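We name chains A, B, ... by the order of the sequence lines, and we start the count at 1 in each one. Every value quoted in this text rests on a predicted model; they were computed, and no experiment measured them.
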Protein chains: 4
Amino acid sequence: MDEIDVSTAFSRAPGRPREPQTDERILDAALRLMAQQGFVRMSMDMVATEAGVTKPTIYRRWPSKIELAMAALVAYCDVTLPTVVGDTRTDLITELEHFRHAILRPNGMSLLGTVLAEEHETPELLAAFRKYLVTPRRQRLTAILAAAQTRGELSANADIGLAVNMLVGALYAQYLAATPFTEDWCTRVVDAVLVCLGHRTNADKAG
Amino acid sequence: MDEIDVSTAFSRAPGRPREPQTDERILDAALRLMAQQGFVRMSMDMVATEAGVTKPTIYRRWPSKIELAMAALVAYCDVTLPTVVGDTRTDLITELEHFRHAILRPNGMSLLGTVLAEEHETPELLAAFRKYLVTPRRQRLTAILAAAQTRGELSANADIGLAVNMLVGALYAQYLAATPFTEDWCTRVVDAVLVCLGHRTNADKAG
Amino acid sequence: MDEIDVSTAFSRAPGRPREPQTDERILDAALRLMAQQGFVRMSMDMVATEAGVTKPTIYRRWPSKIELAMAALVAYCDVTLPTVVGDTRTDLITELEHFRHAILRPNGMSLLGTVLAEEHETPELLAAFRKYLVTPRRQRLTAILAAAQTRGELSANADIGLAVNMLVGALYAQYLAATPFTEDWCTRVVDAVLVCLGHRTNADKAG
Amino acid sequence: MDEIDVSTAFSRAPGRPREPQTDERILDAALRLMAQQGFVRMSMDMVATEAGVTKPTIYRRWPSKIELAMAALVAYCDVTLPTVVGDTRTDLITELEHFRHAILRPNGMSLLGTVLAEEHETPELLAAFRKYLVTPRRQRLTAILAAAQTRGELSANADIGLAVNMLVGALYAQYLAATPFTEDWCTRVVDAVLVCLGHRTNADKAG
DNA sequence: GATGAATGAGTGTTCATTCAT
DNA sequence: CATGAATGAACACTCATTCAT
C-alpha cells in the first residue's frame, strides 16, 4: 500500500486504540466460566485472569457483570446454522442433530440451567437466550414444517407448534433422564413426530 | 401387643427437645431461596433469617449447605401423586397435568435450572433431582404405557421410552419458548403422542 | 459384704452421683488437645467428644474453658518425682533426665508454648505452670545443690540460682536449636555446670 | 554507568501506586496482635482495623493469614545486630545483653510461646523463627567462642555447642522462673560459662 | 486505555456458653 | 445429673465494583 488509507487515518477514534482480540478473549473466558460454574460463581477476577487482562479492562467494555454475561451469551448463540435442502425429513434430522450437538457440547445444559436459574435475579439472561437461541431454532423448525404443510405433506390441521415442542423437548427430557443418546436418536424422534403430523411424501401420494 | 408400649408411654427423649416445626421452617426457607435465587445465592444467613432461627440451629440438623439443599430438594420432590384409574389416555393426561403444575408452581423451572447449572460444582443436586423426581415420574408414565401395550392398545413395536421423552419434554420446550399454556395443552400433547404409538382403545377394535 | 456401709449410706451427696472416672477422662482429653493444638484451638466440643460426654457435663465440673484448662494443666504437673540418693552428680543427672523426658514427651514444648503465648490473655495458665511445675523442679535442683554446698562440695560463693538456670535452660535452648539430644546429654550439662560451681567430692578432697 | 538510569528516572510503575507505609502498618499490627494474643487469636479483622486498612488490602499483599504471620515474624527477626570488638568476654556479654532486650521487649516471650504452641498446627512459624532468629544468634555466639578457642583462650576440648545452650538457655529459664533480672545478670552468666570452658585471656597466660 | 490498589459487604462455618427437659 | 438444642459473635476469605495513576 503506497497511499495512506484516508478513511481510517482520519476517522479512527482518538486515544489509544483497543487491543484487537481482547473482547473475544474476555467473552470466551466469561462464557466458559459461566457454563462451567454458573453465573454467580463466574467471578470477574477469574474472567480477567483467564482472559489475561485486568478487571478495569473488562469494565471499560461492559459496565457490569450482567452485561458481560449477556454479551458472552449472545456471542455463544451466534453459531453457524445448518443449510436446508428442501426434504422435510432430512432437514428436520439435520436441524435436530445440530441442536443435539449444541446441547451435548461441554456444559451446554449447564449453561441453559444457569439461564433458567437466574430467571428471577437476572431475567435478562433468559430473555437473551430465548431471543437469540430458542426462538430462531424454533422458527427454523417451524418453517420446515410449514413448508411441508404447504406442499401437502402434512395433514392440514397438524399442530406444528406442538410438533416443534416435541422435537426439541425430547432432547431435554432425554438429557434429564440421563440415558445415553443412540446414533439414530434424532432420526427416531423425527420419524415419530412425522407420524403424529400425518406425514406422507409426494412419492407416497403418487404411489 | 396387649401391653402399652412403655418406651413411648412413659419415657421421653433425653435432652432438650427440638423446637417443633423448626425443621420444616428451615427446609421451606431453603427451598424457597434456592428456587428463587439458585443454590449459590441461597446463603445460610438468609435461610436462618427467613426461618427465624440462628445458623448453628441449621448446622445442628444438616452439616453443610449442600446437605441442607439436598434435604430441601428431596422434600420438594416428595409430593402427593395422582391416582391411576386404568384408562390410558386419562391417566396420561392426569399425570402430565400434575407435572405441569409442578413445573409451573412458582420457580419450579428455576429450581430445575439451578440443579442443571450446578451439574459440575454440586453434582449431588442433579443426582438427587433425577433420583427423586425425574425417574419416578418417568417410571409412572412408562408403566401406564407398558400396561396399555400389554392390553394391545399400542402397536407392539411402539417406542415407549421415546414417547415418555416427548410427553415430558414438550413441557420443557413450551416453557422455554415462553408461550403460554392453553387449557387443553396436556390433552393435545397426549393425543399427539398416542397417535405416534398407534393407539386405539379396545372399543375401537371392537367397532 | 453383708452389711451396709453406713459411712457411705448416710454421708453421700444427694441426687445422682457423678460418674466416676469422668473427671479424669475430661481432663485427659483437655490436656491432650491443649498440648496438641493450643489453648485457643482446644474447643469444648472436641473435649466433650474425645471424653465421650456432653458439654454441660463439663461445665458442671468447671465453670469455663479457662478453669478446665487450668485443671488439666495442674493434673499434668502432678507427676511422680525421681528419688534422691544423696550423690550430687547422680541426683542432678537423674533430675535433668526426668525433665528431659517431660519436655520431649509428645507436645511437651507445645504445651509450654501455649502457656507462654497465653501470658496476656490467660495469665492464670502461666501462673499455674510456674507454681506447680517450674518452681517445684527448681526447688528440687536448688535443694540438691544447697546440700552439696553445705557438705562443702561446692565453693562457698557458688551462685546456685544461676546454676539452676543453666541446667534447666540448656534444655530449652537445645530444643529451640532443633539439634537432637545425645544419650549423654544430661551428663555433660551437669558436669559442665559442676565445673562452674567448683565442685569436688569429698573423695577428691581426701585424695 | 555514565547515563541516567532511564527506567527509574523517567518511567513509573504502572497502575495505581500502593498507599505508602501500608505494608509496615499491617506488619506492625499483625506482629503486635500475634505477640499479644497469639497466632490463633490474631484475626484478620483486627489486623485490618489496627492497621487502618480493609481486609482485601491485606490479602493483596499476603495470600493467607499464615503468610502474613510469617512476614510479620521475619520482619520482627530482622533486627540490628551488635558489633563484635574482638574481646571474648565483652562480645559475649554484649550479645547476651542484646538477646535479653529482645526477649524482654513487650511480649517477646509470648511470641516465642506462640511459635512453640503452633508447632503442630502451623510448623512454618517455628521453622521461620529458628531460621531467622535462633540460628543466627547461635551462630554469632558460636563464632565468638570458636575464635577464642582458636586463639587458645579456651581449653581445646571445650564443648562450644553446650556453652551456647547454657548462655541462651539461662535466659529462658530465668524468665520462666519469674525472678527479676539484675543489672549484672548477663555478666554473671558469661563469667560462669567461661569458667566451664576453662577460659583464660592471653594476659592470664603471659602472667 | 490499561494498570494495580482499594473498598464494604458478603460467604460458609465454628466458637464458648446457656437453656429446657 | 446428663442430655440435646439453641444462641450471638466471631472466624478466614472472596465478591463486584471503583479509584488513582
Side-chain angles (χ1 to χ4, degrees), chain A residues 13-19 22 40-48 52-66 68, chain B residues 11-20 22-23 40-48 52-68, chain C residues 13-19 22 40-48 52-61 63-66 68, chain D residues 12-20 22-23 40-48 52-68:
Chain A
R16 173 171 171 181
R18 287 187 179 173
E19 196 72 33
T22 294
V40 186
R41 282 193 160 95
M42 171 192 97
S43 83
M44 300 300 270
D45 265 296
M46 289 176 66
V47 173
V53 300
T54 58
K55 281 187 288 182
T57 300
I58 302 176
Y59 277 94
R60 183 162 295 275
R61 287 162 167 80
W62 299 277
S64 73
K65 179 181 173 181
I66 293 181
L68 170 62
Chain B
S11 78
R12 178 174 47 195
R16 174 173 172 177
R18 291 196 172 178
E19 212 71 39
T22 293
D23 287 52
V40 187
R41 281 192 162 95
M42 172 194 100
S43 82
M44 300 302 270
D45 263 298
M46 290 175 67
V47 172
V53 299
T54 58
K55 282 189 284 184
T57 299
I58 302 177
Y59 277 94
R60 169 162 289 275
R61 289 161 168 79
W62 299 277
S64 71
K65 178 182 173 179
I66 292 183
E67 304 278 341
L68 170 61
Chain C
R16 174 170 169 182
R18 287 187 178 172
E19 197 72 35
T22 295
V40 187
R41 282 193 160 96
M42 172 193 97
S43 82
M44 300 300 270
D45 265 294
M46 289 176 67
V47 173
V53 299
T54 59
K55 280 188 288 182
T57 300
I58 302 177
Y59 276 94
R60 184 161 295 275
R61 287 163 168 80
S64 73
K65 178 182 173 180
I66 293 180
L68 170 61
Chain D
R12 176 174 48 195
R16 173 173 173 176
R18 291 197 172 177
E19 213 69 40
T22 293
D23 287 52
V40 187
R41 280 193 163 95
M42 172 194 100
S43 82
M44 301 301 270
D45 264 297
M46 290 175 67
V47 172
V53 299
T54 59
K55 280 185 286 181
T57 299
I58 302 177
Y59 279 95
R60 168 162 290 277
R61 288 160 169 80
W62 300 277
S64 70
K65 178 182 173 178
I66 293 183
E67 304 279 340
L68 170 61

Let's test your reading of the model: under 3.5 Å, does the base of dA5(F) pair with the side chain of Arg18(B) as donor and acceptor?
no
Would you mind telling me which residue lines up with the more 5' stretch of DNA chain E, Thr22(D) or Met46(C), judged by nearest nucleotide?
Thr22(D)
dA16(F), OP1 or OP2 - any side-chain N/O from Ser64(A) closer than 4.0 Å?
no
Among dA12(F), dT7(E), dA10(F), the one nearest Thr57(D) by side-chain distance
dT7(E)
Show the nearest heavy-atom pair for residues Ala48(B) and Thr54(B), with the distance to one decimal.
CB-C, 4.1 Å
Nearest-angstrom distance from the residue atom CZ of Arg61(D) to C1' of dA6(E)
9 Å
Has the side chain of Lys55(C) got a donor or acceptor that lies under 3.5 Å from a partner of the other kind on the base of dT17(E)?
yes
Rounded to the nearest angstrom, tell me the gap between atom CE in Met44(A) and atom P in dG10(E).
19 Å
Taking atom C1' of dT14(E) as reference, at what distance in whole Å does atom CH2 of Trp62(B) sit?
18 Å
What is the separation between atom OH on Tyr59(A) and atom P on dT17(F), rounded to the nearest whole Å?
4 Å
Whole-Å gap separating C1' (dA5(F)) and CZ (Arg60(B)):
5 Å
Within the pair Arg41(C) and dT14(E), is there a side-chain N or O less than 4.0 Å away from OP1 or OP2?
no
Distance check needed: dA16(E) P versus Asp45(C) CG, whole Å only.
7 Å
Starting at the 5' end of DNA chain E and moving along, which residue's nearest nucleotide shows up first, Pro14(B) or Val53(D)?
Val53(D)
Of all the nucleotides listed (dC19(F), dG8(E), dA2(F)), which has the minimum atom distance to the side chain of Pro56(D)?
dG8(E)
Given atom CG of Leu68(C) and atom C1' of dC15(E), what is their separation to the nearest angstrom?
15 Å
I'd like to know if Lys65(B) reaches the base of dT11(E) with its side chain, counting only an N/O donor and acceptor under 3.5 Å.
no
Would you say Ser43(B) places a side-chain N or O within less than 4.0 Å of OP1 or OP2 belonging to dT11(E)?
yes
Does any part of the side chain of Met44(C), heavy atoms only, come nearer than 4.5 Å to the side chain of Leu68(C), both counted from C-beta?
yes
For Glu19(D) and dA20(F), what is the distance between atoms CD and C1' respectively, to the nearest whole Å?
10 Å
Any pair counted as salt bridge (charged side-chain N to carboxylate O under 4.0 Å, His left out), so long as it reaches residues 57-68 of chain D, sequence neighbours left out:
Asp23(D)-Arg61(D)
Contiguous Watson-Crick or G-U pair runs (3 or more, under 3.5 Å) in DNA chain E:
E:2-21 with F:2-21
